[in-house]
Amino acid sequence: MKYINWIIGGVVVLILGYVAFRLQPTEFDPEAIGYWYSVLPPVVAVVLAFITHNVFISLFGAIVLGGILEFIPKDPGSLSNWGDAAFTVLRIPYGELTDSWNFQTLAFVVLVLSLISVVITAGGLKALILWLSGLAKDKKSTSLVTYVLGLLVFIDDYANTMLVGSSMRSLSDHHKMSREKLAFIVDATSAPVAGLAFVSTWVGYEVGLFKTVSTELNLGVDGYSMFFDALGFRFYCILMLIFVLINILMRRDFGPMAAAEHRAETMGQVIKPGKTANKSK
């Protein structure tokens, strides 16, 4: 019974995939709507993620498969076509890494991550977190401090999640805040603030994408200009940061989150019974 959900989910995916394949129109333009096997890369990514528990292996496998499928002609059953496509995919990284703008973007990300490592090693970020942690006197103030820290650590969303989450975990446990609520506040501030910050690893990559689009469409503007123009349309980032703040100030939860908070307050169980939390190394 432990794997019954997996079995049911797998059967449903196979049935839907088979039905979609059999019911596809007899006359259609695959170049316009795509081939039926275009669903394979995300499926491979999800399967590898559950098997290996490694996001890099999962994404790498999905990207390689997607690249190979992109360069395969209409006959995917030919082994020679697969070999030619694989060889073409293997040549792509060299072309992308030798591009001057891509190299500058990669260098920017590496330098920013290096700066984060220096700040962490020097103890500056830890000192800031400890200073703000002293303001956490109850559950509401702990939530608010977590929110503020999420806004301050804007250079990288993953660094934000790891640093703020691990730093506030003991305080949130002490004030009987459920791990679900802590995870929500950390996650709902890390990505949105990294998407709005002028300097972050994500924005560095995104500016590169904007530059490519500007060049292809002959817009005549640089990537950073397009980034600033798009800030006002980042509704998820803006509204999520506002929602989290209102949620903290009003202390109104609903659905599973309300149940988790009730469990933590009344029973002192910050972690759902039967679940275990991974401890940071």
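In this chain, numbering begins with 1 at the start of the sequence shown. Being a predicted model, the structure only gives us computed values, none of them experimental.
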Return the [atom1] to [atom2] distance between [X] and [Y], rounded to the nearest 0.5 Å.
X: Ile242; Y: Phe235; atom1: CD1; atom2: CZ; value: 11.5 Å
X: Ile248; Y: Ile185; atom1: CD1; atom2: CD1; value: 4.0 Å
X: His262; Y: Gln269; atom1: NE2; atom2: CD; value: 11.0 Å
X: Glu216; Y: Lys211; atom1: CD; atom2: NZ; value: 10.5 Å
X: Met250; Y: Leu245; atom1: CE; atom2: CG; value: 11.5 Å

Keeping to residues at least two apart or across chains, list the salt bridge (Lys or Arg N to Asp or Glu O under 4.0 Å) pairs with something in [range].
range: residues 140-151; result: none
range: residues 231-242; result: Glu206-Arg234
range: residues 44-64; result: none

I need the full list of side-chain hydrogen bond (donor to acceptor under 3.5 Å, both in side chains) pairs touching residues 187-197, with sequence neighbours left out, sorted by first then second residue.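 For residues 187-197: Thr161-Ser190.
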Only pairs under 3.5 Å count here: list side-chain donor-acceptor contacts from residues 143-150, not counting sequence neighbours, and write none if there are none.
residue, atom, partner, partner atom, Å
Ser143, OG, Lys139, O, 3.0
Thr146, OG1, Thr142, O, 2.8
Tyr147, OH, Leu241, O, 2.9

N/O donor-acceptor pairs under 3.5 Å from side chains in residues 56-65, not counting sequence neighbours:
residue, atom, partner, partner atom, Å
Ser58, OG, Leu48, O, 3.4
Ser58, OG, Ala49, N, 2.9
Ser58, OG, Asn54, O, 2.8

Gly195 versus Phe227, closest heavy-atom pair with distance: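 That would be O-CE1, 3.8 Å.
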List the atom of Ile238, the atom of Leu231, and the distance in Å for their closest heavy-atom pair.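 The answer is CD1-O, 3.9 Å.
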Salt bridge (Lys or Arg N to Asp or Glu O under 4.0 Å) with Arg251: which residues, sequence neighbours excluded?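 Result, salt bridge (Lys or Arg N to Asp or Glu O under 4.0 Å) vs Arg251: Glu265.
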Residue pairs fulfilling ring pair (Phe, Tyr, Trp, His ring centres under 6.0 Å) with at least one residue in residues 159-198, sequence neighbours excluded: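 Only Phe198-Phe228 qualify under ring pair (Phe, Tyr, Trp, His ring centres under 6.0 Å).
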Check the hydrophobic clustering (I, L, V, M, F, W, Y; side-chain heavy atoms under 4.5 Å; chains of links allowed) and say if Val55 and Val46 are grouped together.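 Per the 4.5 Å side-chain linkage, Val55 and Val46 are not co-clustered.
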Cluster link Leu239 to Ile246, ILVMFWY, side chain under 4.5 Å: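 No, Leu239 and Ile246 fall in different hydrophobic clusters.
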May I have the step-by-step check of salt bridge (charged side-chain N to carboxylate O under 4.0 Å, His left out) for Glu180 and Arg263, ending in yes or no? CA-CA 11 Å; Glu180 291 92 333; Arg263 180 199 70 226; 3.1 Å; yes
Contacts of [X] that satisfy side-chain contact (heavy atoms from CB on, under 4.5 Å) - sequence neighbours left out:
X: Phe254; result: Phe243
X: Asp173; result: Arg169, Arg179, Val270
X: Leu217; result: Val213, Leu219
X: Asp222; result: Tyr224, Ser225

For Ser178, does its backbone N or O pair with a side-chain atom of Glu261 as donor and acceptor, under 3.5 Å?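 Side chain of Glu261 to backbone of Ser178: a pair is present.
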